[in-house]
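Residue indices begin at 1 and follow the sequence shown. Everything numeric in this text was worked out from a predicted model, so none of it was measured.
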Amino acid sequence: MPAHAPDPDTASADTASAADPLGRERSHLTASRSALRAMREDVEALDIRDVTANWVNAIVLQAQIDDRIKALADLSHTPLFFGRLNYLHAPGAELAEGAEGEQFYIGRRHVHDADGDPMVIDWRAPVSQPFYRASKADPQDIALRRRFGYTGGELTAYEDEHLSDPTESAAVSKLLQQEIERPRVGPMRDIVATIQPEQDEIVRSGLSGSVCVQGGPGTGKTAVGLHRVAYLLYAHRDRLARTGTLVIGPNRSFLHYIEQVLPALGELEVKQATVEDLVARAGLEVRGTDQAETAVVKGDARMARVLRRAVRSHVTPPTEPLMVVRGSRRWRIPAYELAEIVEELQNREIRYGAARDALPQRIAHAVLVRMEQAGEAPDDRVQDAVARNAAVKAAVKAIWPPVEPAKLVLRLLSDPSFLAEHAADVLSEDEQKLLLWQKPFRSVKAAQWSAADLVLIDEAADLVERTHSLGHVVLDEAQDLSPMQYRAVGRRCTTGSATVLGDLAQGTTPWATRSWDEALRHLGKPEAVLEELTAGFRVPREVIAYASRLLPAISPGLAPVSSVRETPGSLVVSPTADLTASVVEACRTSLGHEGSIGLIAADARIPELADALLTAGLPYLSPGEETTAESRLTLVPASLAKGLEYDYVVLDEPAAIVSGEPDERTGLRRLYVCLTRAVSGLTALHATPLPSALAT
């Protein structure tokens, strides 16, 4: 697999000429950028006054035009195309987005010239798929696959694979390796140039099915999930435009880190949120915290049964007949008939609120039957009028009163007898005691709600009124969710599909997922296909092997990640007498390398390390703040490290990270996360003995 450049992986711009292949590729890049600029200018020139005179439609159309302009932005430091395919036989024109011929440039978005002929093919198009899947064993009608190397936005090299040539042996792509190892400054970037075959299969899986991806550190599961969203929006844009898409992450720092991936691929409409955002309710603030054992009970799926009982307990079977006066006539509905109506609505298993809305119409229908039997000919307007009758409204209020979800949960957590009534045979007495507030709050607004409480309120709200469902939801770092949180997410995709991403070994909550089968059942997607990514591309082999020593203790039976990157010298584990001073010096040394630096420490150590860095003249960022060429050091509490990555990591006192958690297993899992954030090098410093699991 020869790399073509003067030195041997790069080429200077002044060597380009018409006879030079690299020069021709640069010319195509220049022409493609000009074509993209022309496409954007065509959209900018649109005058909505020529299309519509309706101001509402004009606002909507203008917003669509603005989004299209943003999607056609030419990012100067992002390659417009990263590969080329030469087919042995011309694919069908419909597969090539209207192209004809055998040669296609593969890029982040479609670009066409003034005649409409494609100059760059979207990586998601069917004709682009062999770029990721073709091999010597299965060339897929590809004669040549060419990869391009870039510095910034400048094309500097190319590398060819002649897949149909039996004399050329398969080799590891240097350009692919360089792209994976390229220093990280700024937010997470897309991986369209480096998607591997096993990743591509997940990315291109259909919209109708849900997928769960178990992937260890560095296997690219987050990137796979985000690229699957981009692919689904390409393949099912009209449907998802109506139903919506959502990416759910563990915290704001993580969402900020990944937020530029989809816009870089031209996708601007995907919303991002945390689980806390999903269950947030106007007027309710999270001001309280739960002890771990209490949070475990509140997060248990059995709470859904308790809440369902509590909601339905508000229905009171009627014992008195109903008299409806209309004009000079009186119509009597006996209690037994009212009870039959109520029982029928309860047996239908519809939402509490929907059944309550249906009850007055059912009662009104019973009245209309009597009117017809008496020789009258009432119509729908009469039925609606009867349903609004004061006596009917009073009966409905008495039989099926409205339920306010927050008030219901407030009562469950405050009233021992109410809780005992609805938790009988579901929760033990000890579990009920854990749920009850020691000092009940007088009102919903005065209550010091915890994050788990808002999940309970969200469950109760769904029992009253159905939650809006989206077309597709991506759930990242899913292993940390409780069963009730899974249910909250599942409500947002009951009529859609989901991509679930996580690593059982990185579960760091007391309620962390024990198995994906169990998690998917709580999510409401038991039929989801489980995929496992075991090939690591981000973490060096030496680092992941060291971290994998913890697996027998934190997740027995889970296969360790096999890294494809061997980087001698990437791991340093060293004892020190002066921990803080050594850590500061390690940060200074790491800043001598190119790329981002992460100093990760137990949360309790952060204030001391922050003071030491500032005293040493080393300014730092907080997680979520964007690194730049001038500011590359981030101070990261261990509790926020999950999902983040840095070129070089300095890890402070592993034992303190373990002891900072409620139990040893959770602490070791937290340490596993922290050990696997490095892309190029890890320096772990300790003044106390390392956890015994690391020494095995």
Would Ile258 and Val247 satisfy side chain to side chain contact (heavy atoms under 4.5 Å, CB included), going step by step from the backbone distance to the final call?
CA-CA 10 Å; Ile258 68 171; Val247 174; 4.1 Å; yes

Do the side chains of Ser205 and Glu531 get nearer than 4.5 Å, heavy atoms only?
no

Looking at every heavy atom in both Gly471 and Thr243, which two are closest together, and how far apart are they?
CA-OG1, 3.2 Å

What I want to check is whether the side chains of Gln199 and Tyr132 have a donor and an acceptor closer together than 3.5 Å.
no

Using side-chain heavy atoms (C-beta onward) and a distance below 4.5 Å, is Pro217 in contact with Gln506?
yes

Report yes if the side chains of Arg108 and Pro79 come closer than 4.5 Å at any heavy-atom pair, otherwise no.
yes

Counting distance only, does the side-chain N/O of Thr513 pair as donor-acceptor with the main-chain N or O of Gln479 below 3.5 Å?
yes

Test item: Ser469 side-chain N/O and Thr494 main-chain N/O as donor-acceptor pair under 3.5 Å
yes

Test item: Arg147 and Glu161 side chains (from C-beta on) under 4.5 Å apart, heavy atoms
yes

Short side-chain to backbone donor-acceptor contact, Gln196 and Thr194, under 3.5 Å:
yes

Checking His522 now: which residues fulfil ring pair (Phe, Tyr, Trp, His ring centres under 6.0 Å) with it, not counting sequence neighbours?
none

List in chain and number order the residues that pass salt bridge (charged side-chain N to carboxylate O under 4.0 Å, His left out) with Glu518, two or more places apart in sequence or in another chain; answer none if no residue qualifies.
Arg514

Identify, with sequence neighbours excluded, every residue that meets salt bridge (charged side-chain N to carboxylate O under 4.0 Å, His left out) alongside Glu477.
none

Kindly say whether Gln103 contributes a backbone atom to a donor-acceptor pair with the side chain of Asn86 at under 3.5 angstrom?
no

The complete set of salt bridge (charged side-chain N to carboxylate O under 4.0 Å, His left out) pairs with one or both residues in residues 250-273, sequence neighbours excluded, reads Arg124-Glu267, Arg237-Glu267, Arg252-Asp277

Say whether, by atom type as modelled, one donor and one acceptor occur between the side chain of Arg84 and the main chain of Arg146 under 3.5 angstrom.
no

Using the side chain to side chain contact (heavy atoms under 4.5 Å, CB included) rule, take Ser497 and Leu207 through it: C-alpha gap first, then chi angles, then the decisive distance, then the call.
CA-CA 7 Å; Ser497 55; Leu207 176 61; 3.5 Å; yes

Could you list the residues that satisfy salt bridge (charged side-chain N to carboxylate O under 4.0 Å, His left out) with Arg228, not counting sequence neighbours?
none

Looking at Pro623, is its backbone amide N or carbonyl O close enough to the side chain of Thr634 to form a donor-acceptor pair, meaning the two atoms are under 3.5 Å apart?
no

Compare all side-chain heavy atoms of Met39 with those of Arg68 and state whether any distance is below 4.5 angstrom.
yes

Using the ring pair (Phe, Tyr, Trp, His ring centres under 6.0 Å) criterion, which residues pair with His468? Sequence neighbours excluded.
none

Do Tyr87 and Phe104 pass the ring pair (Phe, Tyr, Trp, His ring centres under 6.0 Å) test, and can you show the C-alpha distance, the side-chain angles, and the key distance before you say yes or no?
CA-CA 8 Å; Tyr87 275 80; Phe104 307 99; 5.6 Å; yes

Donor-acceptor pairs under 3.5 angstrom involving side-chain atoms of residues 208-216: please list them, not counting sequence neighbours.
unit_1: Ser210; atom_1: OG; unit_2: Ala498; atom_2: N; d: 3.0
unit_1: Gln214; atom_1: OE1; unit_2: Leu504; atom_2: N; d: 3.1
unit_1: Gln214; atom_1: OE1; unit_2: Trp516; atom_2: NE1; d: 2.9
unit_1: Gln214; atom_1: NE2; unit_2: Asp503; atom_2: OD1; d: 2.8

Is the side chain of Lys525 donor-acceptor paired with the backbone N or O of Thr499 at a distance under 3.5 Å, no angle test?
no

If we only count heavy atoms from C-beta on, is the Val561 to Thr676 side-chain gap below 4.5 Å?
no

Across all chains, not counting sequence neighbours, the ring pair (Phe, Tyr, Trp, His ring centres under 6.0 Å) partners of His227 are Trp123

Not counting sequence neighbours, which residues clear ring pair (Phe, Tyr, Trp, His ring centres under 6.0 Å) with Phe254? List them please.
none

Quick check: does any side chain N or O of Lys136 sit under 3.5 Å from a backbone N or O of His162, one acting as donor and the other as acceptor?
yes

When rounded to the nearest 0.5 Å, the distance separating CG of Leu80 from CZ of Arg109 is 7.5 Å

Within the 4.5 Å heavy-atom criterion, are Asp122 and Tyr234 side-chain neighbours or not?
yes

Is there a donor-acceptor pair under 3.5 Å between the side chain of Arg145 and the backbone N or O of Ala134?
yes

Say whether Thr627 and Tyr646, considering side chains only, have a donor N or O and an acceptor N or O under 3.5 Å apart.
no

Between Pro540 and Thr567, which heavy-atom pair has the shortest distance, and what is it?
CB-OG1, 3.8 Å

Ala273 versus Leu278, closest heavy-atom pair with distance:
CB-CD2, 4.3 Å

Locate the shortest heavy-atom distance separating Ser253 from Leu640; write the atom from each residue and the value.
OG-CD1, 4.4 Å

Using the side chain to side chain contact (heavy atoms under 4.5 Å, CB included) rule, take Tyr257 and Glu645 through it: C-alpha gap first, then chi angles, then the decisive distance, then the call.
CA-CA 9 Å; Tyr257 178 61; Glu645 59 183 28; 2.7 Å; yes

List the steps, then state whether side chain to side chain contact (heavy atoms under 4.5 Å, CB included) holds for Leu475 with Leu481.
CA-CA 10 Å; Leu475 176 61; Leu481 268 61; 3.8 Å; yes

Taking every heavy atom of Ile248 against every heavy atom of Val489, the minimum-distance pair comes out as CD1-CG1, 3.8 Å

Do Arg632 and Glu594 have side chains that approach each other closer than 4.5 Å (heavy atoms only, starting at C-beta)?
no

Which residue pairs pass the salt bridge (charged side-chain N to carboxylate O under 4.0 Å, His left out) test with at least one member in residues 487-497, sequence neighbours excluded?
Asp458-Arg491, Asp458-Arg492, Glu459-Arg487, Glu459-Arg491

Ring centers of Tyr150, Phe82 separated by less than 6.0 Å
no

For residues 215-224, pull every pair meeting side-chain hydrogen bond (donor to acceptor under 3.5 Å, both in side chains), keeping only residues two or more places apart or in separate chains.
Thr222-Asp476

Pairs touching residues 192-212 that satisfy salt bridge (charged side-chain N to carboxylate O under 4.0 Å, His left out), sequence neighbours left out
Arg133-Asp200, Asp200-Arg204

Check for a donor-acceptor pair, side chain of Arg538 on one end and backbone N or O of Gly220 on the other, with a separation under 3.5 Å.
no

Euclidean distance, Leu226 CG relative to Gln260 CD, rounded to 0.5 Å:
12.0 Å

